[in-house]
Amino acid sequence: MPDQSKLRLGVNIDHVATIRNARGGDTPDPVRAAKLAEEAGADGITAHLREDRRHILDHDISALMEALTVPLNFEMAATEEMAQIALRHKPHAVCIVPEKREERTTEGGLEVAREENRLAHYIAPLRDAGCRVSIFIAADAKQIEAAARIGADIIELHTGAYCDAHAEGDVTTRDREFQSLREMSAYAHSLGLEVHAGHGLTYDTVAPIAAFPEVMELNIGHFLIGEAIFRGLQPAIAEMRSLMDAARGGARQAAG
Ligand code: PXP
């Protein structure tokens, strides 16, 4: 079993850039948000350079690489353009996500099983360059097995369906999604993959996921940036951190 005390929080700052881009100027600055997040206890910063550049821009990635003292988790689609950018910057980690232009956010996990050969060739140079490669997937044994076969270091489990069902009050779906996440995080760990999770997490949904002993990192963005409007970024992050720590501590006690 991994060291349960080591649950990391990656703060996703994409939506600071969404607000900035709404007016086309320089403020609010996502790098400033990232530095504040570091001070508030973020263990890493996550940024998604989408192909349509709707929030994070190329110069944000350069600025983050320069300014951060915590690792950058660079989310990207598996395209040639993104591979070139990642190889230029060599961030600590790259997380490969599916991307559709018309979607509002990353709606599903990556179809690794269907594209195994291409993805194996795609991630090899990234790993050779020293980036840890993470694959964002649904809690599905077939996708997890494919991620292990292509040589990924990490899988990030998509928590969106669990969070959506919670928000809609659909307890049956929420519990089913939760059970899949629970089983698949243990399964991925048993295959030697490091397990992360994220998407749609809030104060109400984070604790049960944080309690999974195999999960080493949660990546959380939209809710935190929204919450920051009301109480400030650092208190918003600090509360998330303390909910994660309490859930992890509680799970450790229950385990003996
Ligand atoms: N993890 C991945 C792979 C994502 O694509 C996103 C959204 O960009 C997140 C985590 C964070 O999701 P949210 O902004 O809903 O917290």
Side-chain angles (χ1 to χ4, degrees), residues 7-19 21 30 33-34 37 42-57 60-61 64 71-78 82 86 91-101 103-112 123 131-139 143 147 152-167 177 181 185 188 193-207 209-210 215-229 233 236-237 239-241 243-244:
L7 178 61
R8 297 189 298 266
L9 170 61
V11 173
N12 181 316
I13 42 99
D14 292 350
H15 296 300
V16 179
T18 303
I19 298 171
N21 296 1
D43 303 289
I45 298 296
T46 294
H48 183 177
L49 185 66
R50 291 189 71 104
E51 290 181 87
D52 62 10
R53 308 300 199 268
R54 69 176 67 164
H55 37 58
I56 293 294
L57 304 175
D60 293 323
I61 299 296
L64 287 166
L72 176 66
N73 174 32
F74 177 55
E75 286 181 6
M76 60 184 217
M82 290 300 152
H92 170 79
V94 294
C95 180
I96 313 291
V97 302
E99 221 177 270
K100 292 192 227 100
R101 270 170 205 261
E103 70 190 357
R104 269 187 289 183
T105 181
T106 315
E107 280 165 8
L110 197 68
E111 259 298 333
V112 197
I123 69 171
C131 301
R132 304 198 72 221
V133 174
S134 172
I135 309 279
F136 188 48
I137 51 178
Q143 304 300 338
D153 302 287
I154 303 163
I155 54 140
E156 179 166 332
L157 291 173
H158 198 314
T159 51
Y162 154 72
C163 292
D164 287 348
H166 177 85
E177 293 295 335
L181 290 163
S185 69
L193 290 157
E194 183 171 316
V195 183
H196 297 180
H199 209 285
L201 291 168
T202 66
Y203 295 151
D204 289 339
T205 49
V206 74
I209 306 293
V215 171
M216 304 295 278
E217 178 173 308
L218 298 180
N219 284 299
I220 309 179
H222 183 266
F223 175 80
L224 286 174
I225 303 306
E227 194 64 12
I229 294 169
L233 186 59
I237 292 172
E239 174 154 359
M240 189 62 84
R241 177 83 260 172
L243 289 168
M244 285 165 56

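Start at 1 with the first residue, then count along the sequence. Because the structure is a prediction, the values reported are computed rather than measured. Counting starts at 1 for both ligands and their atoms, following the listed order.
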Q.
Checking T46 against N73: is there a side-chain donor and acceptor pair closer than 3.5 Å?
A. yes
**Q.** Residue portion contacting ligand 1 (non-hydrogen atoms closer than 4.0 Å) for D14
**A.** side chain
**Q.** Heavy atom of F136, distance to ligand 1 below 4.0 Å
**A.** yes
Q. Is any N or O atom of H15, backbone or side chain, closer than 3.5 Å to an N or O atom of ligand 1?
A. no
Q.
Would the distance check show the side chain of N219 and the main-chain N or O of V11 forming a donor-acceptor pair, the cut-off being under 3.5 Å?
A. no
(Q) Give the atom numbers and elements of ligand 1 that come within less than 4.0 Å of a heavy atom of N219. (A) 10 (C), 11 (C)
Q. Hey, are R8 and E194 close enough for a salt bridge, meaning a charged N less than 4.0 Å from a carboxylate O?
A. yes
Q: Classify the side-chain pair E177/H166 by whether it contains a donor and acceptor separated by less than 3.5 Å.
A: no
Q. When only distance counts, is E156 in polar contact with ligand 1, meaning an N/O pair under 3.5 Å?
A. yes
Q) With only distance considered, is C95 within less than 3.5 Å of ligand 1 through an N or O on each side? A) no
Q: Check each atom of ligand 1 against the heavy atoms of V97 and keep those under 4.0 Å away; list them by number with element.
A: 3 (C)
Q | Polar proximity ligand 1 side, G221 side, N/O cut 3.5 Å exclusive | A | yes
(Q) What I want to find out is whether R53 reaches D60 closely enough, with some N-O distance under 4.0 Å, to be called a salt bridge. (A) no
Q: Anything under 30° is parallel, anything over 60° is perpendicular, the rest tilted; go ahead and classify H15 against H222.
A: perpendicular
Q) Which atoms of ligand 1 are found less than 4.0 Å from any heavy atom of G200? A) 12 (O), 13 (P), 15 (O), 16 (O)
Q: Under 4.0 Å, heavy atoms only, figure out whether ligand 1 is touched by the backbone of N12, its side chain, both or neither.
A: side chain
Q) Does E75 approach ligand 1 within less than 4.0 angstrom via side chain, backbone, both or neither, non-hydrogen atoms only? A) side chain
Q. Going by an N to O cut-off under 4.0 Å, is there a salt bridge joining R50 and E75?
A. no
Q.
At less than 4.0 angstrom from any non-hydrogen atom of I220, what atoms of ligand 1 do you find?
A. 16 (O)
Q: For Y203 and L243, indicate whether the former's side chain and the latter's backbone hold a donor-acceptor pair under 3.5 Å.
A: no
